[in-house]
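What follows is a set of notes on a single structure, which appears directly below.
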Amino acid sequence: ASHGFSENLTLDDKQRRIRQIAREYGLPVAEVEEYKDAYDHFDEDGSGEIEYDEFVHLIHAMMAGVPRDMELPESRVRQFW
């Protein structure tokens with residue numbers, strides 16, 4: 001594929017991978033970057049995987065603004081896991 005610049009010279013590995021994924025799935029690069037940033041935010045230890053404790057933080061962040069009495073019980077969080 002021809003690009004207006006050489007990705008190998010101007011982008012780091014992470015940026016090249018994001019663009020590759022965007023092209024592969026026909027998604028806008030900015031959208032894939034947004035998803036990756038959100039993923040990295042919850043991958044607190046930088047392992048590249050979302051562990052259970054990180055998943056719990058993600059679930060609670062998604063429920064921000066939900067009344068306290070409406071929070072998910074631990075058993076339900078584990079079911080989503």
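Residue numbers start at 1 and run along the sequence shown.
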Partner set under salt bridge (charged side-chain N to carboxylate O under 4.0 Å, His left out) for Glu24, not counting sequence neighbours: none

If hydrophobic residues (ILVMFWY) are linked whenever their side-chain heavy atoms come closer than 4.5 Å, directly or via other members, who joins Tyr25 in its cluster? Ile18, Ile21, Leu27, Val29, Val32

Ser75: partners by side-chain hydrogen bond (donor to acceptor under 3.5 Å, both in side chains), with sequence neighbours left out: none

Side chain to side chain contact (heavy atoms under 4.5 Å, CB included) between Arg19 and Glu33: does it pass, once the steps are laid out? CA-CA 9 Å; Arg19 280 162 177 73; Glu33 287 173 331; 3.6 Å; yes

Are the side chain of Asp43 and the backbone N or O of Gly48 linked by a donor-acceptor pair below 3.5 Å? yes

Identify, with sequence neighbours excluded, every residue that meets salt bridge (charged side-chain N to carboxylate O under 4.0 Å, His left out) alongside Asp40. Lys14, Lys36

How long is the span from the CD atom in Glu54 to the CD1 atom in Ile59, to the nearest 0.5 Å? 13.0 Å

Salt bridge (charged side-chain N to carboxylate O under 4.0 Å, His left out) with Glu51: which residues, sequence neighbours excluded? none

Across all chains, not counting sequence neighbours, the side-chain hydrogen bond (donor to acceptor under 3.5 Å, both in side chains) partners of Glu31 are Tyr35

Pairs where residues 57-81 contributes a residue and the test ring pair (Phe, Tyr, Trp, His ring centres under 6.0 Å) is met, not counting sequence neighbours: Tyr52-Trp81, Phe55-Trp81

Under the side-chain hydrogen bond (donor to acceptor under 3.5 Å, both in side chains) rule, collect the residues that match up with Gln79, sequence neighbours excluded. Arg76

With sequence neighbours excluded, residues passing side-chain hydrogen bond (donor to acceptor under 3.5 Å, both in side chains) with Asp53: none

Those residues that, when tested against Arg17, pass salt bridge (charged side-chain N to carboxylate O under 4.0 Å, His left out) (two or more places apart): none

Distance col, row Phe42:CZ vs Leu58:CG, nearest 0.5 angstrom, shows 4.5 Å

In chain order, what residues pass the side chain to side chain contact (heavy atoms under 4.5 Å, CB included) check against His41, with sequence neighbours excluded? none

